[in-house]
Amino acid sequence: MANPQTSSTSAAARIGLEIAAPNSTSVDREARFPREAIDALKAERLLSAYVPPELGGGGLGMIELSQLCEILAQHCSSTAMVFAMHQIQVACIARHGLGSPFFKRYLTDLVEKQYLIASVTSEAGVGGEMRTSVCAVEHQGDRFKLDKDATTISYGAHADDLLVTARRAPEAAPSDQSLVLLSKAEYSLEQNGAWDTLGMRGTCSPPFKLRSSGSSERILSVPFAEIASNTMVPFSHILWASCWLGIATAAVSKARSFVRMQARSKPGTTPPTAIRLAEVSGTLQMMRANVHDVAEECEKLMAQPDAGADVLSSMSFALKMNNLKVATSQVLVDIVQRCLLICGIMGYKNDSKVSIGQHLRDGLSAALMVGNDRIYATNASMLLVLKED
Amino acid sequence: MLDEIRAILKEHGRITVDPATLADDADLYLAGLTSHASVNVMLALEDKFEVEFPDRMLKRGIFGSIASIRAAIEELKG
């Protein structure tokens, strides 16, 4: 069960335990950004964990990033999710932007300055469909202008830079999108709503109106369609699932300590809750196997000479990624609820050592981050032509 | 065959331009073909040409242009 220790995983474990965990209650209660933990991750240079070593970065792969998310989520779900979402943006640039001197220089700067990048894929009027945009990049000579009405930007107010989807040009089709990197000096965000949610409160993801302009070199030359299928979707689904695995692990660990406490109070008898613990530990193992399996496959594919492009852009791989997302988001809530039954009233209390409430509230977001029904609809449609040959 | 492919794209592709005006090698995704609509195009092509696209062909590149669709069908027809 234990992951192999590396300098990155032990740094994440230390930050999780010493910084993220003690702040997690106030982050949740006040719906505030986990500033202390993110600063600590910056100090350990973990925001450049995925940047290639030749540019000074950590050079980590998918497996290790997944482990970092899992470790952090055991201590503070919001810290882990912010970290995961940032890495997804870095991966998009690192895997599709290195042909450009501008993006190479940007990643080198990111290593030094530890910029935090937020994602702006949501937009009013597209119904949650990431592969469609209303707004467009308006080219003016070697500069562009881009305004977007975003329904949610996670940690938007706390990010240094933004990675934004938009139609390639005003005349482009809704699905003909580009990905644009905006730096703080070149954009303004006007918050036009609140983020007072059931869970994942520290991700601070309210709606914003974005206005920006910049030089055209900030637009990735690879179409977003390719970036989405080859990088953004696999990284999102695997790293989100890794955060969820961390949440599930934290809940099960509380259930274990509760059962041990019961056992110690009556030596010689096995507490009735121990059976339920045995059951949920098997479910957690299945969830872990699913996440690790897909992370390993992805890392192998991405190490191939074509960076996995051939397989990653295939329908059968898209189906597998979607299945991972739906399955882990559902089993997370199932696991957490079973832990609540094990811990009973002690788990239901917000102020006990085995409190399960926040895990349940956080866990309920998983099915909504790209709605599971939308993903099922996509899979249903793909299964009409997939043959498993 | 090209005309039949264009007719299927017109009926099922939900693209922003009339396929009759598209060059054989024009990028269908730039013309607004979505992965959702491409499934319906695949199903109609399988029905029309009595072929089954194996999973190795179910990727963006194969359905990227009218010419690449024709090449795939010709390969399957042998």
Side-chain angles (χ1 to χ4, degrees), chain A residues 126-134 136-137 165 167-178 221-233 301 306 308-322 374-389, chain B residues 5-6 8-23 25-66 68-73 75-78:
Chain A
V126 300
E129 174 56 73
M130 181 184 80
R131 286 288 291 102
T132 295
S133 287
V134 176
V137 180
T165 50
R167 284 184 301 124
R168 186 175 44 83
E171 67 277 8
S175 60
D176 178 7
Q177 298 160 291
S178 292
S221 59
V222 178
F224 179 62
E226 192 179 320
I227 300 175
S229 67
N230 292 9
T231 302
M232 192 178 270
V233 172
L301 284 172
D306 72 340
D310 191 51
V311 179
L312 291 168
S313 69
S314 72
M315 228 181 227
S316 51
F317 195 79
L319 180 77
K320 185 179 262 187
M321 296 309 314
N322 286 347
R374 175 185 300 281
I375 295 180
Y376 269 134
T378 306
N379 283 3
S381 143
M382 290 195 293
L383 283 164
L384 297 177
V385 287
L386 269 171
K387 283 113 196 155
E388 264 196 278
D389 55 9
Chain B
I5 296 172
R6 283 198 167 82
I8 285 171
L9 280 170
K10 190 178 170 80
E11 191 175 353
H12 301 286
R14 286 187 276 159
I15 53 181
T16 49
V17 292
D18 183 351
T21 66
L22 275 178
D25 61 351
D27 189 321
L28 294 175
Y29 295 104
L30 292 187
L33 182 68
T34 64
S35 38
H36 241 54
S38 72
V39 167
N40 293 324
V41 170
M42 289 171 202
L43 287 168
L45 290 167
E46 288 187 334
D47 187 50
K48 178 84 190 171
F49 296 102
E50 297 182 327
V51 292
E52 283 208 332
F53 294 109
D55 289 354
R56 69 178 167 83
M57 284 189 173
L58 300 181
K59 48 190 65 149
R60 288 183 62 79
I62 302 281
F63 295 86
S65 71
I66 292 168
S68 63
I69 292 174
R70 179 180 61 180
I73 295 169
E75 184 190 327
L76 292 174
K77 285 270 192 196

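Below, all heavy atoms of this structure are taken into account, side chains as well, without hydrogens, waters or symmetry copies. Given the structure is predicted, the values throughout are model-derived calculations rather than measurements. In what follows, chains are A, B, ... by sequence order, proteins preceding strands, each numbered from 1.
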Out of curiosity, [X] [atom1] to [Y] [atom2], how far, rounded to the nearest 0.5 Å?
X: R60(B); Y: N230(A); atom1: CZ; atom2: CG; answer: 9.0 Å
X: Y29(B); Y: E226(A); atom1: OH; atom2: CD; answer: 11.5 Å
X: L58(B); Y: S316(A); atom1: CG; atom2: OG; answer: 7.5 Å
X: M315(A); Y: I62(B); atom1: CE; atom2: CD1; answer: 11.5 Å

Handout entry: E46(B), part contacting chain A, at a heavy-atom distance under 4.5 Å
Key = side chain
Problem - I15(B) portion near chain A, given a 4.5 angstrom heavy-atom threshold - result: neither
Please name the pair of heavy atoms, one in [X] and one in [Y], separated by the smallest distance, quoted to 0.1 Å.
X: G32(B); Y: A173(A); answer: CA-CB, 3.4 Å
X: L43(B); Y: L384(A); answer: CD2-O, 3.6 Å
X: S381(A); Y: V39(B); answer: O-CG1, 3.2 Å
X: V385(A); Y: D55(B); answer: O-OD1, 4.3 Å

Exercise for the section: Taking the side chain as every heavy atom from C-beta outward, state whether D310(A) and K59(B) have any atom pair closer than 4.5 Å. Expected result: yes
Handout entry: Flag side-chain contact, heavy atom, 4.5 Å: M382(A) against H36(B)
Key = no
Practice task
I would like to know whether R168(A) and L30(B) meet side chain to side chain contact (heavy atoms under 4.5 Å, CB included); could you show each step before the answer?
Solution key: CA-CA 9 Å; R168(A) 186 175 44 83; L30(B) 292 187; 4.2 Å; yes
